[in-house]
Amino acid sequence: MTYILAATIASVAATAVTVHGQLTAGKQAEADAKQAAENERIAAESAELQRQQKLNKALAANAVGLAASGIKAEGTPASIALESAKNIGLSEGMMRLSSRLKQAQMIRAGANARSAANLAAAGTLLSGASDAAKINA
């Protein structure tokens with residue numbers, strides 16, 4: 001009788017420790033994914049700022065070059081600059097969208113990892129209950 005009680009307690013304790021570990025791992029995976037998404041957002045903002053600074057330097061250099069050569073910034077030069085600005089705007093928008101999609105995917109992966117850990121913990125609980133029932137049978 002004492003052996004059965006000790007074996008049951010050991011089985012329940014082992015199950016509880018395993019379930020706790022699985023739940024903790026799931027929460028940590030979710031937290032890690034959220035942090036990775038935040039890091040991605042910061043990196044994307046930094047990259048966008050650098051691109052904007054380069055673009056501003058290039059546009060300023062073009063304006064200075066046109067002014068120095070005596071070409072007025074109207075007509076064809078202006079239309080080329082406007083078309084370039086539109087293309088750059090579209091490109092920037094696509095980069096922002098891509099970054100946001102990547103961040104969302106990271107967060108979903110973390111949530112999925114946590115859900116998988118929760119399911120594994122539930123399976124462990126059922127398995128542990130079954131083992132305890134076998135010991136007592």
Side-chain angles (χ1 to χ4, degrees):
M1 181 72 168
T2 305
Y3 168 75
I4 292 173
L5 181 60
T8 301
I9 291 171
S11 175
V12 169
T15 299
V17 168
T18 302
V19 166
H20 177 70
Q22 289 169 325
L23 293 174
T24 301
K27 287 178 187 176
Q28 188 60 50
E30 185 176 36
D32 290 346
K34 285 181 179 179
Q35 184 61 50
E38 178 64 11
N39 292 345
E40 171 64 25
R41 183 190 65 76
I42 291 168
E45 286 179 1
S46 175
E48 183 175 348
L49 180 60
Q50 288 176 347
R51 285 190 301 271
Q52 284 294 333
Q53 288 173 342
K54 278 183 167 180
L55 174 63
N56 288 342
K57 284 181 184 178
L59 290 175
N62 285 344
V64 168
L66 288 174
S69 65
I71 299 174
K72 295 187 180 196
E74 50 187 52
T76 302
S79 63
I80 291 172
L82 179 60
E83 191 61 33
S84 292
K86 285 180 186 177
N87 289 337
I88 290 167
L90 288 173
S91 176
E92 291 291 328
M94 291 302 292
M95 287 180 196
R96 279 191 295 276
L97 176 61
S98 176
S99 176
R100 283 195 304 265
L101 289 173
K102 186 175 180 180
Q103 292 168 43
Q105 188 233 0
M106 289 175 175
I107 291 170
R108 276 192 308 275
N112 289 342
R114 185 169 185 175
S115 293
N118 290 344
L119 289 173
T124 299
L125 280 174
L126 291 173
S127 177
S130 174
D131 292 345
K134 287 177 189 174
I135 291 171
N136 288 320

Given the rule in the salt bridge (Lys or Arg N to Asp or Glu O under 4.0 Å) test, do E38 and K34 qualify, once you have shown the distances and angles that lead to the verdict? CA-CA 6 Å; E38 178 64 11; K34 285 181 179 179; over 6 Å; no
Looking at T124, L125, D131, which hits side chain to side chain contact (heavy atoms under 4.5 Å, CB included) with S127?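 Checked T124, L125, D131 against S127; only one passes side chain to side chain contact (heavy atoms under 4.5 Å, CB included): D131.
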Which pairs would a plain distance check flag for residues 9-19, meaning a side-chain donor or acceptor within less than 3.5 Å of a matching protein atom at least two apart in sequence or in another chain?
unit_1, atom_1, unit_2, atom_2, d
T15, OG1, S11, O, 2.8
T18, OG1, A14, O, 2.9

Determine, stepwise, if the pair E30 / K27 fulfils salt bridge (Lys or Arg N to Asp or Glu O under 4.0 Å). CA-CA 5 Å; E30 185 176 36; K27 287 178 187 176; over 6 Å; no
What is the distance from atom OG1 of T24 to atom CZ of R114, rounded to the nearest 0.5 Å?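 These two atoms lie 9.5 Å from each other.
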Distance from E45 atom CD to E40 atom CD, nearest 0.5 Å?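 Those atoms lie 10.5 Å apart.
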Between S130 (side chain only) and L126 (backbone N and O only), is there a donor and an acceptor less than 3.5 Å apart?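 No; zero donor-acceptor contacts below 3.5 Å.
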I need the single residue from K102, R96, Q103 that forms a side-chain hydrogen bond (donor to acceptor under 3.5 Å, both in side chains) with S99. Which is it?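 Between S99 and the candidates, side-chain hydrogen bond (donor to acceptor under 3.5 Å, both in side chains) is satisfied uniquely by Q103.
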